[in-house]
Amino acid sequence: MKNKKQNNKGFASASKNQSPKNLQPDNTIDHNTKEQKAIELINKGRADEAIPIYKELAKSGSKNHIVHGNLGALLKKRGDTKNAIESLKIALKLQPNYPEAHYNLGSALKEQ
């Protein structure tokens with residue numbers, strides 16, 4: 001079990017009570033469903049399959065810091081440092097008090 005926890009370090013989980021103000025108002029349910037699917041994939045060790053979901057959510061203008069933070073963490077893990085940094089900076093603009101994004105941004109900047 002320790003390895004599974006280590007593999008998920010730097011990722012945030014979506015809260016079931018997450019405020020809709022962080023999401024696009026006209027498709028909140030769709031965003032929540034897609035985000036939950038991406039988190040399930042990460043938890044099952046299939047993080048690469050979550051990247052397209054997070055990219056789609058980010059491209060659609062999601063204001064959810066977790067979407068951008070997790071996308072950044074996944075891109076960093078994949079070695080795409082430049083795009084990881086961009087996603088993590090967006091996450092921190094949306095939620096400045098977001099420890100996982102600060103951790104991952106610092107790590108990505110160090111790698112760069």
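Numbers here are sequence positions counted from 1.
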Inset, instruction - Working to the nearest 0.5 Å, report the span between CG of Asn97 and NE2 of His65. - result: 9.0 Å

Inset, instruction - Apply side chain to side chain contact (heavy atoms under 4.5 Å, CB included) to Ile66 and Glu35, showing your working. - result: CA-CA 9 Å; Ile66 293 173; Glu35 185 181 349; 3.4 Å; yes

Inset, instruction - To the nearest 0.5 Å, tell me how far Ser62 OG sits from His31 NE2. - result: 5.5 Å

Legend entry - Minimum-distance pair of heavy atoms, taken over all atoms of Pro96 and His102: O-NE2, 2.7 Å

Legend entry - CG-CD1 distance between Asn64 and Ile90, expressed to the nearest 0.5 angstrom: 12.5 Å

Inset, instruction - Applying side-chain hydrogen bond (donor to acceptor under 3.5 Å, both in side chains), name anything that partners Arg78, two or more places apart in sequence or on another chain. - result: none

Legend entry - Contact summary for Ala50 and Ala38, nearest pair of heavy atoms: CB-O, 3.6 Å

Legend entry - Non-neighbouring partners of Ala101 that pass side-chain contact (heavy atoms from CB on, under 4.5 Å), sequence neighbours left out: Leu88, Ala91, Leu92, Tyr98

Legend entry - 4.5 Å side-chain heavy-atom contact, Ile85 and Leu109: yes

Taking distance alone, no hydrogens or angles, what donor-acceptor pairs closer than 3.5 Å link side-chain atoms of residues 52-59 to residues at least two apart or in another chain?
residue: Tyr54; atom: OH; partner: Asn70; partner atom: ND2; Å: 3.0
residue: Glu56; atom: OE2; partner: Lys34; partner atom: NZ; Å: 2.3

Inset, instruction - Please name the pair of heavy atoms, one in Leu71 and one in Ser87, separated by the smallest distance, quoted to 0.1 Å. - result: CD2-OG, 3.6 Å

Legend entry - Spacing of CG belonging to Leu74 relative to CG belonging to Asp48, to within rounding of 0.5 Å: 8.0 Å

Legend entry - Qualifying salt bridge (charged side-chain N to carboxylate O under 4.0 Å, His left out) pairs, either residue in residues 80-89, two or more places apart: none

Legend entry - Pairs flagged by salt bridge (charged side-chain N to carboxylate O under 4.0 Å, His left out) wherever residues 93-103 is involved - sequence neighbours left out: none

Inset, instruction - Please name all residues satisfying salt bridge (Lys or Arg N to Asp or Glu O under 4.0 Å) with Glu49, sequence neighbours left out, ordered by chain then number. - result: Arg46

